[in-house]
Amino acid sequence: MAERTPVYIHAAAALGPHGDAVAAERVRLATDPAPFELKELVKRVVGAPLRQASHLVELAAVGSQLCLKRLPYAAPENTAVYVGTGLAEVRKTGALFHQVFPPGPGMASPFDFINAANNMAAFYVAKLGNFRARNLTVTQEEFSFEWALKLALDDLHAGSFRQALVGGIDENSQPRATHLRRIRLRDDQPMGEGAGFLYLSRERSHARGQLLAVRRLPAGAGLADALAATVRELRHADEDVELLPGFRLEPVEVAALGRALPQARIDPYLETCGCFHTAAAFGLAARLDKPRRALAIHVNRDLVGRAMLIVARIESDPTTTLL
Amino acid sequence: MTAIRIRGLGLVSSYGIGLARAVEGLRAGRDGITPLTLFRLPFQDQIKVNQFDHSPFPPGEASAPAILEAAVSEALAAAGVEAAALREAALVIGTGGYLFAAEAEYRRVLAESGATSEPALRAPGYVAQRVADDLGIGGPVLTLSTACSSSANALLVAADLIRRGEVARALVLGVEGLSQIALSGFHSLMLLDPAGCRPFDGARRGMQLGEAVAAVLLEAEASEHATGDALLGGANLCDIHHVTSAAPDGSAMRAVMEMALADAGLAANDITVIKAHGTGSPDNDSAEAAAMRGLFGERLPPFTGLKRYLGHTLGACGAVELAAFLGCLRAGFIPPTAGCTQPDPELRVTPLAAVQPARTGPVMLNFFGFGGNYASLIVRHG
């Protein structure tokens with residue numbers, strides 16, 4: 001089989017539930033994050049308010065623009081956009097129910113209706129970035145971001161596009177008990193929200209990391225064995241290994257994976273963003289904030305045991321030549 | 001570009017369960033407009049809809065998987081494929097979401113208890129996983145939600161999964177149900193035509209919403225000289241002009257059609273017929289007409305719109321209109337554009353006004369959605 005063209009990570013940005021955008025601003029969550037108003041941050045990052053934009057669109061706008069601002073060059077127009085979101089516009093959709101059904105007024109607000117379209121965030125990402133290429137919104141519960149990333153990776157490998165902006169976004173909602181039921185969280189898990197964006201390219205220059213693989217494991221596959229095999233296959237000699245466990249993994253499973261991979265350092269990124277379907281995007285993008293060379297592996301599973309892995313090589317210094 | 005064979009088609013629409021019923025209706029030139037009985041709206045008398053018969057399906061949240069499985073059964077039977085053959089297949093669903101299912105559950109609880117509740121909003125991917133589990137699908141499962149181009153994009157993504165060797169077979173579903181919220185939202189935006197959809201007509205005023213589910217079974221083509229219906233290529237892009245309206249000169253629509261032709265390795269004059277998006281909304285039809293004029297010039301092939309027959313099925317329309325259109329072509333005819341009685345002279349293009357015999361060759365199908373999400377498919381018929 002022919003060697004596939006490598007895909008590099010040129011920039012990344014993670015926006016946490018307190019509007020935190022860099023490692024120094026992260027706050028460790030003891031419980032659910034307090035509601036955070038993004039309007040001021042939108043003005044500062046985007047340069048203008050986004051009138052009528054939903055909270056989810058604001059998360060996407062700030063996350064994607066932060067990522068693009070960290071690029072050392074202007075992203076070209078033919079950048080493809082892939083957005084993963086698990087619950088999508090849950091707040092706007094909930095609001096529409098209260099407008100349309102009794103005892104509401106019976107009619108939908110046109111702005112809320114437009115904003116409730118699941119692809120609205122991806123539209124704003126493209127509009128603010130001036131991108132006129134492929135634009136996909138993937139929504140597949142725990143694996144929404146993983147699938148967005150895999151589609152992007154495959155398109156880049158195939159040469160369909162030379163660069164792509166890939167993100168994961170989700171918002172939380174109230175009441176808490178309803179939200180926990182919607183995404184089937186345990187009561188002890190903080191319901192988080194946030195955004196994570198990666199700018200990917202086939203070009204080696206400016207690389208801060210390399211996206212090596214997005215893999216799907218069938219239900220019943222042993223996670224520890226799959227991780228060990230991945231490390232054996234992709235780790236460079238003397239390279240550190242970091243494991244980013246997803247929100248569906250129970251603490252006991254994480255501990256077991258740690259024992260199975262004694263050389264791996266566990267990155268407990270969920271402590272700063274809370275739990276949501278696309279937390280993987282936050283975790284991976286936030287890891288890029290830290291200039292520490294490692295093979296980073298994100299792992300999550302769904303409720304019946306199917307798992308997906310994201311494997312990336314992260315460089316210690318953006319100027320380092322990869323490989 | 002490797003062609004992807006279109007094996008089986010299944011359709012649940014306002015014409016009934018089964019593709020043949022829809023094809024029969026389209027051949028007769030009979031629109032699929034029905035009374036709206038699922039729920040009451042304050043503007044009930046000011047709209048036209050295409051509602052299917054829900055009586056064979058369970059109520060509430062369970063309705064969506066059951067309706068999907070009806071379409072899947074037809075597609076598998078048409079392809080002569082057992083459900084067991086889907087074990088390693090991919091399932092890709094295109095939908096605007098499952099508002100209709102959440103609403104059905106909300107109405108059920110309200111009717112039973114008399115109390116309002118928090119809506120049963122689920123991640124749209126939930127239904128895909130449930131259907132995959134019911135069908136024993138162990139391959140990739142994903143849901144695309146890109147407004148009215150959702151299931152056209154699902155077809156493109158599924159074709160890529162096959163071309164890249166991820167799977168040998170993929171089941172694509174387009175799903176949309178009538179929703180009180182969607183009807184109310186489009187009514188608030190003044191985008192529903194009280195007379196129903198009149199694509200490219202001088203008096204057009206907007207859309208007519210419908211509900212339908214379609215299943216399309218795709219497989220790798222056995223040889224490059226194969227015949228039969230196949231997906232030759234396609235494209236998707238974002239028109240960043242405006243969140244709800246197209247670039248008026250049709251430039252982005254033309255661009256996606258050009259990209260689709262390039263992907264299929266074809267030229268504009270290879271296209272034998274176009275299935276237009278044709279929503280009947282003044283601005284979108286105008287932009288679409290400009291795009292077709294610009295791309296095809298004097299050699300514009302016959303084109304038609306299906307949305308008065310089937311309703312605008314939003315996220316489902318990619319798969320639904322592909323299934324219905326191919327069904328008609330296989331039956332030997334191109335359906336005329338129902339609802340267009342006086343073509344708009346300002347558009348300077350005229351949609352098909354009468355049934356025409358179908359011929360084999362490449363076909364273009366276009367889908368343009370909110371959020372500027374556009375998709376164009378190139379299909380070989382015959």
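Just so we're on the same page: letters track the sequence lines, and every chain starts at 1. Every value quoted in this text rests on a predicted model; they were computed, and no experiment measured them.
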Taking side chain as everything from C-beta outward and backbone as N, CA, C, O, which of these in [X] sits under 4.5 Å from a heavy atom of chain A? Side chain, backbone, both or neither.
| X | value |
| --- | --- |
| B/Thr244 | side chain |
| B/Leu41 | neither |
| B/Ala255 | neither |
| B/Asp239 | backbone |
| B/Pro119 | both |
| B/Ala235 | neither |
| B/Arg164 | side chain |
| B/Val127 | neither |
| B/Phe43 | side chain |
| B/Gln129 | both |

Between [options], who has the most heavy-atom pairs with chain A when the cutoff is under 4.5 Å?
| options | value |
| --- | --- |
| B/Leu189, B/Leu121, B/Leu237 | B/Leu121 |
| B/Pro140, B/Ser150, B/Pro42 | B/Pro140 |
| B/Met259, B/His241, B/Glu118, B/Glu166 | B/Glu118 |
| B/Ser149, B/Gly138, B/Ala182 | B/Ala182 |
| B/Ala120, B/Ala252, B/Gly97, B/Ala102 | B/Ala102 |

Could you look at [X] and say if it's the side chain, the backbone, both or neither that has a heavy atom under 4.5 Å from chain B?
| X | result |
| --- | --- |
| A/Phe131 | backbone |
| A/Pro102 | both |
| A/Ser160 | side chain |
| A/Thr93 | both |
| A/Asn130 | both |
| A/Asp155 | both |
| A/Ala88 | neither |

Checklist line | Nearest-0.5 Å distance, OH of residue B/Tyr126 to CG of residue A/Asp302 | finding: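 Output value for this atom pair is 13.0 Å.
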
Next item on the list: Kindly compute the distance separating CZ (A/Phe123) from SG (B/Cys238), expressed to the nearest 0.5 Å.
Entry: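 A/Phe123 atom CZ to B/Cys238 atom SG measures 6.0 Å (nearest 0.5 Å).
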
Checklist line | Validation row: B/Thr143, A/Val138 side chains within 4.5 angstrom (heavy atoms) | finding: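 When only atoms from C-beta onward are counted, A/Val138 and B/Thr143 do not touch, as no gap falls below 4.5 Å.
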
Closest contact, heavy atoms only, [X] versus [Y]:
| X | Y | answer |
| --- | --- | --- |
| B/Val141 | A/Trp147 | O-NE1, 3.5 Å |
| B/Ser184 | A/Ala108 | OG-N, 2.7 Å |
| A/Glu141 | B/Ala123 | CG-CB, 3.8 Å |
| A/Asn118 | B/Gly96 | ND2-O, 3.2 Å |

Note to self: Check this for me: B/Glu88, atom CD, are more than 12 non-hydrogen atoms of other residues, nucleotides or ligands nearer than 6.0 Å?
What the structure shows: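 No, not enclosed.
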
Note to self: Is it true that, when you exclude A/Arg176 itself, more than 12 heavy atoms of the residues, nucleotides or ligands shown sit nearer than 6.0 Å to its CZ?
What the structure shows: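 Yes, CZ of A/Arg176 has more than 12 neighbouring heavy atoms, counting only those of other groups under 6.0 Å.
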
Next item on the list: Could you tell me how the ring of B/Phe186 sits relative to the ring of A/Phe113: parallel (under 30°), tilted (30 to 60°) or perpendicular (over 60°)?
Entry: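 Geometry flag for A/Phe113 against B/Phe186: perpendicular rings.
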
Notebook entry, point to check: Is there a donor-acceptor contact under 3.5 Å from the side chain of B/Asn153 to the main chain of A/Leu136?
Noted result: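 No, because the side chain of B/Asn153 does not come within donor-acceptor range (under 3.5 Å) of the backbone of A/Leu136.
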
Notebook entry, point to check: How far apart are the C-alpha atoms of B/Leu142 and A/Leu151, what are their side-chain angles, what is the distance that settles it, and do they pass the side-chain contact (heavy atoms from CB on, under 4.5 Å) test?
Noted result: CA-CA 11 Å; B/Leu142 65 158; A/Leu151 295 182; 4.0 Å; yes

Notebook entry, point to check: Does a salt bridge link A/Arg134 with B/Asp160, judged by any charged N lying under 4.0 Å from a carboxylate O?
Noted result: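 Yes, this pair counts.
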
Check: Who among A/Arg181, A/Lys150, A/Arg216 has the most heavy-atom pairs with chain B under 4.5 Å?
Finding: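 The option with the most such pairs is A/Arg216.
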
Checklist line | Option in A/Arg184, A/Met107, A/Met120, A/His157 with maximal non-hydrogen atom pairs under 4.5 Å from chain B | finding: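 Heavy-atom pair counts peak at A/Met107.
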
